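Mind having a look at this structure? Questions to follow.
The first residue in the sequence is number 1, and the count goes up from there. All figures in this text were calculated on a predicted structure; none of them were measured in a lab. Both backbone and side-chain heavy atoms feed into the values below; hydrogens, waters and symmetry mates do not. Start at 1 and go down the list; that is how both ligands and their atoms are numbered.
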Amino acid sequence: GSKDKIDALGRLLTRILRHMASELNLNMRSDGFVKVEDLLKLNLKTFAQIPLRSHTVDDIWEAVRKDNKQRFNLLEENGELLIRANQGHTITTVESESLLKPILSAEEVSVCVHGTYKRNLDSILESGLKRMKRLHVHFSCGLPTDGEVISGMRRDVNVLIFLNVRKALADGMKLYISDNKVVLTEGFDGVVPVEYFEKI
Ligand code: HQG
């Protein structure tokens, strides 16, 4: 497909697979996978006004392959093609233990950093990092170099908050890693308290 069409499809897949499956009555497993066949049956307009129905399985493959943050994963199972978003969900039927791999030791992640904005900092230092609408607080495993994108944070962040992984694990905070190497946590009841920040 054309570049614009594939980019628009990627944005649409992000919205559906992270946020909209329930309201669209799309059958989603607890590990986030849905049938590509079901997805392509949806009669939904993209931002580019291209109905999802006009897409093919090849378009989906292309959108997944070209995504710059590897946001999606395809799986062939029992002759069926399934797709999921690797992280970023707000859909509450998705379960951390099915979607993600637990991090068992601090050695597994050398850098763990949350990207945010100066306008949020006072509030974050007051009440900790909250997952907000998502299931998890997001951290990247490294820093973007040479203006490249890195999964787990936006390109335009201007504040970095490093997580003390050793202390978090020692205190029983569950940390997970996604297929695209984003570190995710529910913290404690959706909050990563300030005492787990290493430096800012
Ligand atoms: C902030 C994108 C005030 C938090 C990115 C963030 C990532 C607080 C915003 C993924 C706060 C939530 C996730 C507090 C947290 N007071 N602000 N107590 N606690 N915040 O979008 O981490 O590119 O839900 O710092 O790249 O920004 O689409 O989370 O600024 O991977 O693949 O509240 O989304 O992924 O915003 O981004 P979000 P995020 P993609």
Side-chain angles (χ1 to χ4, degrees), residues 6-22 28 31-34 46-48 60 62-74 83-92 94 96 99-101 103 109 111-165 168 173-200:
I6 295 303
D7 286 353
L9 177 59
R11 289 194 296 275
L12 188 60
L13 289 174
T14 302
R15 273 177 73 198
I16 295 172
L17 297 173
R18 288 178 176 177
H19 312 300
M20 292 177 65
S22 313
M28 183 175 273
D31 60 3
F33 278 109
V34 306
T46 67
F47 304 128
I60 300 268
E62 195 177 345
V64 171
R65 186 166 47 80
K66 290 198 172 152
D67 187 80
N68 63 353
K69 290 188 177 181
Q70 297 170 266
R71 289 178 179 88
F72 317 108
N73 203 349
L74 286 165
I83 186 170
R84 74 174 173 191
N86 286 322
Q87 35 67 226
H89 300 80
T90 57
I91 298 164
T92 53
V94 171
S96 300
L99 177 74
L100 307 165
K101 193 165 80 64
I103 292 172
V109 277
V111 182
C112 188
V113 56
H114 174 85
T116 188
Y117 304 92
K118 285 176 186 153
R119 61 174 180 273
N120 296 332
L121 194 54
D122 284 349
S123 167
I124 291 172
L125 292 176
E126 171 94 23
S127 54
L129 268 176
K130 297 183 183 174
R131 63 180 156 181
M132 311 306 260
K133 293 195 171 101
R134 300 187 200 260
L135 303 183
H136 308 101
V137 178
H138 282 55
F139 297 88
S140 294
C141 281
L143 293 169
T145 50
D146 303 326
E148 275 177 62
V149 298
I150 185 157
S151 304
M153 73 169 69
R154 293 192 181 77
R155 202 196 298 254
D156 62 344
V157 297
N158 51 28
V159 173
L160 299 174
I161 297 176
F162 291 80
L163 182 72
N164 186 337
V165 174
M173 190 186 295
K174 286 187 179 158
L175 304 181
Y176 301 91
I177 191 153
S178 64
D179 282 343
N180 59 338
K181 307 295 175 221
V182 176
V183 176
L184 300 152
T185 185
E186 296 169 22
F188 296 118
D189 295 321
V191 183
V192 177
V194 175
E195 60 189 287
Y196 296 95
F197 300 176
E198 205 151 48
K199 57 181 175 186
I200 292 182

- Note on the structure: When rounded to the nearest 0.5 Å, the distance separating CG of Leu143 from CE of Met153 is 6.0 Å

- Message: List ligand 1 atoms under 4.0 Å from His114, heavy atoms only on the residue side.
- Response: 4 (C), 22 (O), 25 (O)

- Task: Just let me know how Arg155 lines up against ligand 1, side chain, backbone, both or neither, with a heavy-atom cut-off below 4.0 Å.
- Result: neither

- Neighbour count above 12 (heavy atom, 6.0 Å) for Asp122 CG: no

- Provide, to 0.1 Å, the distance between atom 38 (P) of ligand 1 and the closest protein heavy atom, together with that atom's residue and name. Arg134 NE, 3.3 Å

- Query: Is it the side chain (CB and beyond), the backbone, both or neither of Ser127 that lies under 4.0 Å from ligand 1, heavy atoms counted?
  - Reply: side chain

- Message: Pairs of nitrogen or oxygen atoms closer than 3.5 Å, one from Arg131 and one from ligand 1: do any exist?
- Response: no

- Protein heavy-atom partner closest to atom 8 (C) of ligand 1 - residue, atom, separation in Å: Ile124 CG1, 3.6 Å

- State, with a plain yes or no, whether a side-chain heavy atom of Val194 is found less than 4.5 Å away from one of Phe197. yes

- Write out the residue and atom name of the closest protein heavy atom to atom 12 (C) of ligand 1, then the distance separating them to 0.1 Å. Met132 CG, 3.7 Å

- Message: Tell me whether Gly128 reaches ligand 1 (any heavy atom closer than 4.0 angstrom to a ligand atom).
- Response: yes

- Note on the structure: At under 4.0 Å between heavy atoms, what of Glu126 touches ligand 1? The answer is neither

- Task: Looking only at non-hydrogen atoms, find the nearest pair between Ser178 and Leu184 and report the distance.
- Result: CB-CD1, 3.9 Å

- Item | Residue and atom name of the nearest protein heavy atom (relative to atom 28 (O) of ligand 1), distance in Å to one decimal | Arg18 NH1, 3.0 Å

- Message: Between ligand 1 and Lys130, is the shortest N or O to N or O distance under 3.5 Å?
- Response: yes

- Message: Within the 4.0 Å heavy-atom shell around His138, which atoms of ligand 1 are there?
- Response: 7 (C), 10 (C), 13 (C), 22 (O), 31 (O)

- Query: Do you know the tightest heavy-atom contact between Arg134 and His138?
  - Reply: CD-CE1, 3.7 Å

- Closest protein heavy atom to atom 3 (C) of ligand 1, given as residue, atom name and distance to 0.1 Å: Ser123 OG, 3.2 Å

- What protein heavy atom is closest to atom 1 (C) of ligand 1, reported as residue, atom name and distance in Å? Asn120 ND2, 3.8 Å

- Query: With a cut-off of 4.0 Å, which atoms of ligand 1 are near a heavy atom of Lys69?
  - Reply: 23 (O), 26 (O), 32 (O), 40 (P)

- Between Ser96 and Lys174, does a side-chain contact (heavy atoms from CB on, under 4.5 Å) hold up when you go through it step by step? CA-CA 10 Å; Ser96 300; Lys174 286 187 179 158; over 6 Å; no

- Item | ligand 1 to Ser151 polar contact by distance, N or O atoms, under 3.5 Å | no

- Which distance, rounded to the nearest 0.5 Å, do you find between the CZ of Phe139 and the CG of Leu129? 5.5 Å

- Message: For Arg154, which part has a heavy atom under 4.0 Å from ligand 1: side chain, backbone, both, or neither?
- Response: both

- Message: So if I count the atoms of ligand 1 from 1 in the order they appear, which ones are less than 4.0 Å from some heavy atom of Thr116?
- Response: 4 (C), 25 (O), 30 (O)

- Nearest atoms (heavy-atom pairs only) where Leu99 meets Ala85: CD1-O, 3.8 Å

- Query: side-chain contact (heavy atoms from CB on, under 4.5 Å) with Thr90: which of Met20, Lys133, Arg131?
  - Reply: Lys133

- Does Leu129, backbone or side chain, put an N or O under 3.5 Å from an N or O of ligand 1? no

- Query: Leu160 versus Phe162: any side-chain heavy-atom pair under 4.5 Å?
  - Reply: yes

- Query: Going through the distances and angles, do Gln70 and Asp179 end up as a side-chain hydrogen bond (donor to acceptor under 3.5 Å, both in side chains)?
  - Reply: CA-CA 8 Å; Gln70 297 170 266; Asp179 282 343; over 6 Å; no

